[in-house]
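Reviewing the structure listed below.
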Amino acid sequence: MKSLTLYDTMARRKRAFEPIDQDRVTMYVCGPTVYSYAHIGNARPPVVFDVLRRVLGYLYGAESVVLAANITDIDDKIMAAARESGEGIEAVATKFARIYREDLDALGIVPPTLEPKATDHIQPMIAMMQRLVDGGHAYAAEGHVLFSVKSYEAYGALSKRSLDDMIAGARVEVAPYKKDPCDFVLWKPSADDEPGWDSPWGRGRPGWHLECSAMCETHLGETIDIHGGGIDLVFPHHENEIAQSTCAHGGKSMANYWLHNGFLNMGSDKMSKSLGNVALIHDLLKSWPGEVLRCALLTAHYRAPLTWNSDLLAKTRRSLDRIYGVLRRLGHLEAAPGDVPEAFLDALLDDINTPKAMSELFALAGEANKAETPQEKAEAKGRLLAAGALMGLGQADPDAWFGLTDIDPEERAAIDALILKRQEAREAKDWALADEVRDELNARQIQVDDGPEGSTWRKMG
RNA sequence: GGCACCGUGGCGGAGUGGCUACGCAGAGGACUGCAAAUCCUUGUACCCCGGUUCGAUUCCGGGCGGUGCCUCCA
């Protein structure tokens with residue numbers, strides 16, 4: 001079997017991937033806090049790790065990959081949003097979790113195997129805290145339960161920071177009940193009008209970091225294969241997860257591979273500057289196919305920063321037009337079942353190098369365009385589709401991509417009539433009339449393509 | 001201030017110690033009634049300065065420039 005190489009943040013280098021159990025490859029990706037619409041930046045981890053998941057599924061079998069992506073449905077931000085809108089906390093969380101799922105679905109993301117919610121895991125969180133307190137890794141103070149960072153020697157290993165540096169650089173006010181400025185909250189007390197759960201330390205609610213540790217343990221076990229998230233989560237979130245889980249599990253490491261995607265920067269064009277709401281996935285989907293957003297997020301290597309602007313989207317659309325153009329041309333042919341081409345697979349196996357993989361995808365498109373016999377064409381189409389499937393690209397109906405299906409019947413009839421009229425004019429070699437009709441079609445945002453077997457049309461992008 | 005990352009042709013963006021990335025845009029050609037699509041060809045890219053080397057965009061050091069994180073933002 002071919003082997004996958006992944007860049008492990010903990011080791012700061014690429015490492016060959018070896019799962020603990022080939023029949024159950026476990027992966028946990030930190031999900032959103034559902035208090036508002038998700039930003040396009042929020043979509044980068046789900047898209048990137050969706051590709052990784054597909055690759056793992058290809059290597060080990062789709063049923064052997066268990067992906068857990070949590071939903072944080074209790075948080076001060078949700079409480080604030082609920083207060084503002086007058087809705088209940090649960091209503092806000094449920095609503096935005098639903099919208100989040102819809103957004104990801106539009107981006108072609110396979111739903112995670114498990115989608116644990118924080119509020120469903122209060123008991124495991126309390127149990128984990130109890131173990132930490134019993135083991136001397138956490139302490140109660142004024143209704144809070146805090147993790148004692150000094151109790152975990154390796155604290156800072158992931159982010160490569162020393163405790164001393166952190167204390168020296170600390171620019172936050174230190175709560176008086178903390179034994180050490182870097183201690184973080186596992187549990188905090190809730191006021192009577194705030195949501196809370198009973199615990200041995202009083203009524204309260206969990207801290208963010210604890211949620212992920214407890215959910216990961218509950219569903220995937222004490223040590224998992226891959227833990228992923230945005231690079232901004234390295235510190236403190238993942239550092240704290242490691243501290244909690246390791247100390248609660250007698251020193252067992254939490255994850256064998258830590259993967260982090262680079263940040264998505266907002267470009268300086270009006271798109272992000274103006275209202276600040278145009279970069280919401282929800283809004284972008286009104287102007288662009290989800291696949292364009294997905295592909296745009298994959299144009300840069302997942303660890304590299306990516307600058308987001310409207311130019312990127314326009315270019316990405318043109319690129320995908322090329323893929324769908326060839327698929328449309330071969331639409332009448334049944335794709336020959338083919339395996340994923342080697343060069344394409346190799347690119348993805350090398351730390352999920354999606355830009356490289358995409359260049360291979362274009363090479364496959366070129367091959368398909370140049371194929372001469374029906375046999376060659378069918379095989380080329382099969383290869384292109386098989387490769388695209390691993391990245392979640394090129395799987396849609398080409399006609400739909402070019403706007404042929406989503407059009408009202410009246411408009412459609414008018415276009416067909418014009419196409420026919422032009423065809424007759426061309427047969428009569430009445431070029432003036434043919435061009436006139438084409439202008440008319442262009443005015444309707446329709447591009448006509450003349451081929452050896454007649455004319456086809458598509459919506460102008 | 002501390003830690004980490006980055007600087008490639010018009011734009012986006014891979015990669016490599018010496019050989020074409022790729023896509024978009026541009027130029028020329030083929031095909032076509034003309035377009036479009038497609039195919040072919042094309043652009044003397046690798047922040048600056050040292051060092052290592054037969055040879056560096058690629059390794060090392062320094063500089064300049066940009067970015068992220070530093071208690072709950074993916």
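So that the names make sense, note that chain A is the first sequence line, chain B the second, and so on, each numbered from 1. On a predicted model such as this, the values are computed, not experimentally measured, just so you know.
When the nucleotides rA14(B), rG23(B), rC73(B) are ranked by their closest atom to the side chain of Asn353(A), rA14(B) comes out on top. Set against rG13(B), rU38(B), rC34(B), the side chain of Pro355(A) has rG13(B) as its closest nucleotide. Of the candidates rC22(B), rA36(B), rC70(B), rA36(B) carries the atom nearest the Asp449(A) side chain, counting heavy atoms from C-beta on. The listed nucleotides are rA37(B), rG33(B), rC34(B); the one nearest the side chain of Asp450(A) is rC34(B). You'll find that the side chain of Asp232(A) is closest to rA74(B), out of rA37(B), rA74(B), rC34(B). Closest to the side chain of Arg422(A), from the set rG13(B), rC73(B), rG33(B), is rG33(B). Side-chain atoms of Ala300(A) lie closest to rA14(B) of the nucleotides rU38(B), rA14(B), rU71(B). Listed nucleotides: rC11(B), rA74(B), rG33(B). Nearest to the side chain of Trp431(A): rG33(B).
Under the 30°/60° scheme for interplanar angles, the aromatic rings of Tyr155(A) and Phe235(A) are found to stand perpendicular.
Here Phe362(A) does not lie in a stacked arrangement on the base of rG23(B), lacking the combination of planes under 30° and ring centres under 5.5 Å apart.
Distances shown here put a side-chain N or O of Arg322(A) below 4.0 Å from the OP1 or OP2 atom of rU38(B).
No donor-acceptor contact under 3.5 Å links the side chain of Lys356(A) to the base of rC22(B). The base of rC69(B) sits with one of its N or O atoms less than 3.5 Å from a complementary donor or acceptor on the side chain of Arg161(A). Side-chain N/O atoms of Asp435(A) and base N/O atoms of rG33(B) include a donor-acceptor pair closer than 3.5 Å. Taking 3.5 Å as the limit, the base of rA35(B) and the side chain of Arg438(A) contain a donor-acceptor pair of atoms between them.
Under the rule for a ring pair (Phe, Tyr, Trp, His ring centres under 6.0 Å), Tyr152(A) has no partner lying at least two apart in sequence or in another chain.
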Self-check item: Bracket string, RNA chain B, 5' to 3' - pairs by Watson-Crick or G-U geometry under 3.5 Å, | interstrand
Solution: (((((((..(((.....[...))).(((((.......)))))....(((((..]....))))))))))))....
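Looking only at atom types and distance, the side chain of Asp183(A) has a donor-acceptor partner in the side chain of Tyr139(A) under 3.5 Å away.
For Arg458(A) and Trp401(A), the positive end is not near the middle of the six-membered ring at less than 6.0 Å and at most 45° from its axis.
A donor-acceptor contact shorter than 3.5 Å is absent between the side chain of Ser213(A) and the backbone of Leu210(A). A donor-acceptor pair is defined here as one N or O able to donate and one able to accept, closer than 3.5 Å; such a pair exists between the side chain of Asp351(A) and the backbone of Tyr7(A).
Using atom C1' as the reference point in both rG9(B) and rU67(B), the two lie 23 Å apart (nearest Å).
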